[in-house]
Number of protein chains: 2
Amino acid sequence: MKITHSAGSADDINMQLNYYQREDQVLLAVDCIIFGFDKKNLKVLLIKRNFEPEKGKWSLIGGFLKKNENLDEAAARVLETLTGLNDIYLEQLHTYSKIDRDPGQRTISVAYYALINVDSHQFDGIQIDSAKWFKLKEAPDLIFDHNEMVEKAMARLRRKAMTKPIGFELLPEKFTMRQLQNLYESILGKKLDKRNFINKINSLDVLIKLDEKDMTVSKKGAYLYVFDKDKYEKKVEEEGFSFKL
Amino acid sequence: MKITHSAGSADDINMQLNYYQREDQVLLAVDCIIFGFDKKNLKVLLIKRNFEPEKGKWSLIGGFLKKNENLDEAAARVLETLTGLNDIYLEQLHTYSKIDRDPGQRTISVAYYALINVDSHQFDGIQIDSAKWFKLKEAPDLIFDHNEMVEKAMARLRRKAMTKPIGFELLPEKFTMRQLQNLYESILGKKLDKRNFINKINSLDVLIKLDEKDMTVSKKGAYLYVFDKDKYEKKVEEEGFSFKL
DNA sequence: TACATTAAGTGTGCTTTTCACACCTTAAAG
DNA sequence: CTTTAAGGTGTGAAAAGCACACTTAATGTA
């Protein structure tokens with residue numbers, strides 16, 4: 001039987017299993033794009049590498065897939081290991097496989113992104129002091145294809161935020177309309193009209209207005225809201241409601 | 001230095017490279033969901049496996065990633081090898097990694113989907129006689145997690161078709177309004193109003209109406225159209241036009 | 001104590017888009 | 001010359017999107 005790298009017949013492919021088992025295994029990594037939002041700015045969490053290659057440069061947090069876990073679990077483990085965070089909205093983004101993306105060795109990387117609320121998660125369990133939040137616009141150049149990953153995650157976040165109520169993952173449980181609007185303005189990269197925004201949000205009817213005000217920003221104080229997840233899910237289920245901003 | 005599978009400090013992770021290089025390499029496969037459309041029905045291309053495991057069952061076409069190619073190239077190679085097709089719209093979908101998804105061995109699979117026009121590609125170079133088109137609703141159960149892949153590809157196709165003119169990849173170069181409408185009805189899984197559909201399409205202003213009729217279906221004959229890709233791209237570029245159906 | 005400052009809160013009207021809806025035309029076959 | 005089967009065409013009502021400006025509440029300062 002002929003074993004070859006060139007495109008052959010289906011039978012070639014079928015019989016190549018042994019060949020592949022021996023020769024074509026690869027290292028699979030996960031890299032996590034962690035988005036945060038603190039009142040005013042969208043941020044991304046980066047670490048400074050303290051090992052080669054590219055030691056001293058900034059990168060996404062990442063790690064390698066282990067034999068006894070799937071990719072979602074690997075991403076969650078990496079996130080928890082490096083930040084102490086668990087139970088976070090984490091979604092697979094894309095798999096990167098350029099041959100020389102990691103100059104040290106052939107590595108394929110599966111990118112995940114997560115949304116976390118900077119203030120209510122103070123990284124109690126954080127293991128690394130080299131991790132830092134960067135405003136998206138001020139983020140440094142990253143190693144390998146990590147810039148590309150952040151770009152793509154940002155595009156996905158933009159799209160997703162328009163059709164799913166994922167923005168609330170980035171905010172504290174209680175938030176003001178202004179904070180919510182700031183968040184959407186950050187995600188979409190443009191200013192929105194205050195009245196139209198509030199009208200739109202209210203027409204969706206998934207927020208609960210509290211009798212409580214946030215007095216930290218203004219003298220008058222702004223009412224706090226919470227996202228009513230149960231109501232949202234009931235609406236989706238019962239009336240095929242779809243969140244559109 | 002302690003080497004461990006449990007979540008450790010960042011330094012643990014940093015130093016685990018050697019460990020992983022030796023132990024945690026995996027086989028990476030690509031599987032392709034090939035959509036076609038022949039006048040009336042959305043179809044998917046499947047093959048009957050003639051090797052173990054799951055010999056005799058239907059599956060997506062697939063193959064393994066090689067050392068000297070990236071994933072996009074692997075998917076294109078697999079597609080070309082099995083169907084003779086090249087230069088096809090091919091997009092990465094998702095990476096599947098359940099530990100026992102392939103009972104024979106630990107394999108991670110990256111799914112791609114492609115759209116092809118059934119009629120104008122007659123599989124001249126086809127290497128396998130076990131490949132067959134199935135109407136989506138009548139497709140058999142597939143091996144491993146391939147059903148899940150087809151589901152997800154279908155969801156992606158639905159979403160994408162609403163905002164990008166990808167539907168035209170599935171049609172012959174010249175097509176009638178009715179064919180286009182049938183295609184969209186297949187993708188969206190619901191009937192559309194004829195007049196509203198035509199008005200909508202025409203308002204997008206990216207089709208060229210030919211002086212030629214398709215006489216094969218009706219006695220009266222229906223005008224043929226072609227998608228004006230240059231015009232579409234110019235509109236996107238110059239006026240930020242976005243295709244919305 | 002009134003004046004200035006700062007952010008909060010609130011509604012209307014125009015424009016655009018969406019959606020429901022029905023009849024006539026053409027050409028071939030019987 | 002009647003029947004049949006698909007092609008082709010327009011309007012009006014409802015909903016959604018969007019631009020737009022002033023008043024209120026609380027505090028600090030003159």
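Here is the naming used below: chain letters follow the sequence lines, and residue numbers restart at 1 for every chain.
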Asks: Kindly indicate whether a cation-pi arrangement holds for A/K213 with A/Y223, taking the cut-offs as under 6.0 Å to the six-membered ring centre and within 45° of the axis.
Replies: yes
Asks: In whole angstroms, how far is the P atom of D/dG8 from the CD atom of B/Q179?
Replies: 12 Å
Asks: Given that B/N196 and A/D193 both sit by DNA chain C, which one's nearest nucleotide is further toward the 5' end?
Replies: A/D193
Asks: Using whole Å, what does the distance between atom P of nucleotide D/dG12 and atom CG of B/N199 come to?
Replies: 14 Å
Asks: Answer with yes or no whether the side chains of B/D31 and B/S109 bring together a donor and an acceptor at under 3.5 Å.
Replies: yes
Asks: Atom CG of B/D214 and atom P of D/dG8: how far apart are they, to the nearest Å?
Replies: 10 Å
Asks: For A/Y225 and C/dG9, what is the distance between atoms OH and C1' respectively, to the nearest whole Å?
Replies: 9 Å
Asks: Could A/D214 and A/R178 be called an ion pair, given the rule that one side-chain N must be under 4.0 Å from one carboxylate O?
Replies: no
Asks: The side chain of B/Y223 is closest to which nucleotide in this list: C/dA7, D/dA6, D/dG8?
Replies: D/dG8
Asks: Nearest nucleotide by nearest heavy atom, which residue falls closer to the 5' end of DNA chain D, B/K219 or B/I198?
Replies: B/K219
Asks: Let me spell it out: for each of A/G221 and A/R195, pick the nucleotide of DNA chain D with the closest heavy atom. Which residue's pick is nearer the 5' end?
Replies: A/R195
Asks: Side-chain N or O of B/R178 less than 4.0 angstrom from OP1 or OP2 on D/dA6?
Replies: no
Asks: Nearest-Å distance, CG (A/N202) to P (D/dA16)?
Replies: 15 Å
Asks: Can you tell me how far CG of A/L170 sits from CZ of A/F175, rounded to the nearest 0.5 angstrom?
Replies: 11.5 Å
Asks: Go through the N and O atoms of the side chain of A/K220 and the base of D/dT24, and report whether any donor-acceptor pair is under 3.5 Å.
Replies: yes
Asks: Hey, is the side chain of B/K200 pairing donor to acceptor with the base of C/dT18 inside 3.5 Å?
Replies: no
Asks: For A/L245 and D/dC18, what is the distance between atoms CG and P respectively, to the nearest whole Å?
Replies: 11 Å
Asks: With a non-hydrogen cut-off below 4.0 angstrom, is B/K194 in contact with a base, only sugar-phosphate, or nothing?
Replies: base
Asks: How close or far is atom C1' of D/dG17 from atom CG of A/L192, stated in whole angstroms?
Replies: 13 Å
Asks: Take atom NZ of B/K213 and atom C1' of D/dG7, then tell me their distance rounded to the nearest Å.
Replies: 7 Å
Asks: Going by the angle between their ring planes, with limits at 30° and 60°, are B/Y113 and B/F35 parallel, tilted or perpendicular?
Replies: perpendicular
